[in-house]
Amino acid sequence: MFSLAQPQPRFVLVAILLLPITTLAQQEETTLPGLWTLENSIQRVLDIAPEIKTAEAKVNARQGALQQAGAWPNPTISVQSDDKLGIEDGSGGNDITQYAFSQPLPLSGRLSHQKAIASEALQGAKANRRYQRLVLEQQTAMRFRQLQLTTANLELAEQRLKLADELKAATLRREQAGELSKLERLRLGLVREEAQQILDKTEGEYHEALSQYRAYLGLPSTVNLTLTPLRPLESVPPLATFEMNLADQPLFVAAQHRIGAAQSNVKLSQASRWPDPVLSVFQAEDFLGGRRQKSIGIGLSITVPLWDRKSGQRSQSLAEVSEAQSDLNSLRRDITSRVRQSYIHLKHLVQQAAHYRARVFEPAREVLELTNKAYLSGEVEILSLIDANSTYFNAHTRYLGLLQLAWTEKAELQLTAGRSSLNAEQEK
């Protein structure tokens, strides 16, 4: 970790202006957890992610559309003024001769179909919001596991360098006694330099993973991060656990609501074949029987659809239903297949990690310990020590990689199956 020294403020006013910002930053740091787990990492992302705000905005927009979908069309009020009466009675001037009120009547039922379409769109937006949360959980898990892996690799690289330094110091006595050849001294020096190179490379990978994790969680560089260590994934739930609720998978739900919206659109197109009738009420003033007289009337106008019967719109809406149904079928096929493939891969990784630990990693650790003791007592040559050293640390690195792959595969499986990590068993 590197930190830049902050310059001293040159004016008291600047320091006063910066004080509230500093205080807010310090308050935020004090509310952050001391130990970061996958669960609180996900919760942090869900609290600050702009993708969640975007999904919320889309839901709010759909709610507004639903509210608007049930509104009646606006009435029309008209007033007519002319000089007709003035001409008739010889008084001249203009007078208001007619008031009219017109109201379209949505008797076809199209408002209910519009509301059904808007309601389906709202439910689809909510499903997409839920899926966006799952995507953020999976992305957080990927960064969390990568940081766990690079942290463990960094600790392992430090152990490797420390062991190389200890062996180099322990051979000093043998070198002074003339028991260590030049070739052995050079080979041991190479082991130490290789450990240093591995440490340098691992440090770079660690800081890169740390930077990505900080950025995704919106954490300031001043926050000291401590993660739970990378542990083995001991067991995997049965496949039925992931398949039993596939009907609630957000992508499925969103696709089903698209079908519902398309079906309601078919009904809307059928109801829209006849335009809304328009009811009109009017009051007119005329010159009758030598005097001005008022009259009240009512009218009903209907547009006759001789030319535009909206047959093309109905055909389009029927095709959209078929398209939405096909999309759901292909989505169901692909997701069901991906869940099963991911589950098989996850089970294989868990079994491989357990087998590798028992058959390779633990024996390599024991071989290294025995070889170190034998070398210091002069029972084995340096080549045996170098080989045992390399075998152990390579086996340990490979084992950590298998653990990380298993956890990331589980996150991918949960996303595909539509399961939230926050509702699953907490991993400590």
Side-chain angles (χ1 to χ4, degrees), residues 38-39 42 45-46 49 51-52 54-55 58 120-121 123-146 148-149 216 230 232-263 318-356 398 401-427:
L38 177 60
E39 182 188 27
I42 290 175
V45 170
L46 295 180
E51 292 87 348
I52 293 296
T54 301
K58 290 180 179 179
E120 295 289 353
Q123 297 305 318
K126 290 181 178 179
N128 288 327
R129 178 181 61 184
R130 192 155 61 92
Y131 184 72
Q132 184 60 64
R133 291 174 62 92
L134 293 176
V135 171
L136 291 172
E137 288 188 23
Q138 187 260 354
Q139 291 296 312
T140 304
M142 298 290 284
R143 288 164 173 79
F144 182 83
R145 300 304 179 188
Q146 183 64 24
Q148 278 187 319
L149 174 64
Y216 205 67
L230 185 61
L233 180 57
E234 299 294 346
S235 61
V236 181
L239 177 60
T241 304
F242 298 96
E243 290 184 325
M244 63 185 301
N245 294 321
L246 276 183
D248 296 329
Q249 214 271 11
L251 293 179
F252 282 166
V253 175
Q256 289 167 348
H257 286 298
R258 283 196 295 272
I259 293 175
Q263 291 172 339
L318 287 171
E320 289 173 350
V321 172
S322 178
E323 179 185 1
Q325 185 65 57
S326 298
D327 289 342
L328 176 60
N329 292 337
S330 62
L331 184 65
R332 181 179 292 111
R333 176 201 62 198
D334 294 342
I335 287 184
T336 302
S337 175
R338 285 167 51 193
V339 165
R340 293 174 181 173
Q341 291 177 3
S342 182
Y343 182 82
I344 292 173
H345 191 205
L346 176 59
K347 288 278 290 185
H348 173 73
L349 286 172
V350 172
Q351 294 171 358
Q352 184 181 5
H355 183 272
Y356 194 87
R398 172 61 176 160
L402 288 173
L403 298 185
Q404 188 255 359
L405 285 175
W407 283 113
T408 54
E409 186 65 38
K410 181 183 179 184
E412 183 66 29
L413 175 58
Q414 287 180 317
L415 171 63
T416 306
R419 292 169 56 88
S420 172
S421 298
L422 297 182
N423 297 332
E425 181 179 354
Q426 297 180 12
E427 179 266 335

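Reckoned from all heavy atoms, side chains included, excluding hydrogens, waters and symmetry mates. Computed from a predicted structure; not experimentally measured.
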Distance, nearest 0.5 Å, that separates CG of L422 from CD of Q414: 9.5 Å
Summary of side-chain hydrogen bond (donor to acceptor under 3.5 Å, both in side chains) pairs that have at least one residue in residues 246-263, sequence neighbours excluded: E120-H257
Separation between CG of L403 and CG of L149, rounded to the nearest 0.5 Å: 8.5 Å
Please list every donor-acceptor pair under 3.5 Å in which a side-chain atom of residues 347-356 meets a protein atom from a residue at least two apart or in another chain.
none

Closest contact, heavy atoms only, I42 versus S421: CD1-CB, 3.7 Å
Flag for Q146-Q404: side-chain donor and acceptor within less than 3.5 Å: yes
N/O donor-acceptor pair under 3.5 Å between S322 side chain and A319 backbone: no
Smallest separation among heavy atoms of A406 and L346, with atom names: O-CD1, 3.2 Å
CA sep, side-chain torsions, deciding dist, call: L239, R340, side-chain contact (heavy atoms from CB on, under 4.5 Å): CA-CA 7 Å; L239 177 60; R340 293 174 181 173; 4.2 Å; yes
Any donor-acceptor N/O pair, S337 side chain to R333 backbone, under 3.5 Å: no
Listed partners of Q325 passing side-chain contact (heavy atoms from CB on, under 4.5 Å), at least two apart: I259, L328, N329
side-chain contact (heavy atoms from CB on, under 4.5 Å) assessment of E412 paired with M142: CA-CA 9 Å; E412 183 66 29; M142 298 290 284; 5.7 Å; no
Closest non-hydrogen atom pair between N128 and A254, with its separation: OD1-CB, 3.6 Å
For L331, side-chain contact (heavy atoms from CB on, under 4.5 Å) partners two or more places apart: L251, F252, A255, I335
Spacing of CZ belonging to R145 relative to CH2 belonging to W407, to within rounding of 0.5 Å: 5.0 Å
Verdict with supporting geometry, R419 and T241, side-chain contact (heavy atoms from CB on, under 4.5 Å): CA-CA 10 Å; R419 292 169 56 88; T241 304; 3.7 Å; yes
Interatomic distance, T416 atom OG1 to E409 atom CD [nearest 0.5 angstrom]: 8.5 Å
Set of residues satisfying side-chain contact (heavy atoms from CB on, under 4.5 Å) with respect to A49, sequence neighbours excluded: V45, E51, I52, L136
Nearest-0.5 Å distance that lies between atom CZ in F144 and atom CD in E137: 13.5 Å
Check: P237 main-chain N/O paired with Y343 side-chain donor or acceptor under 3.5 Å: yes
Counterpart residues, side-chain contact (heavy atoms from CB on, under 4.5 Å), relative to T54 (two or more places apart): K58
Between R129 and Q132, a side-chain donor and acceptor under 3.5 Å: no
Contact summary for P250 and L134, nearest pair of heavy atoms: CG-CD1, 3.8 Å
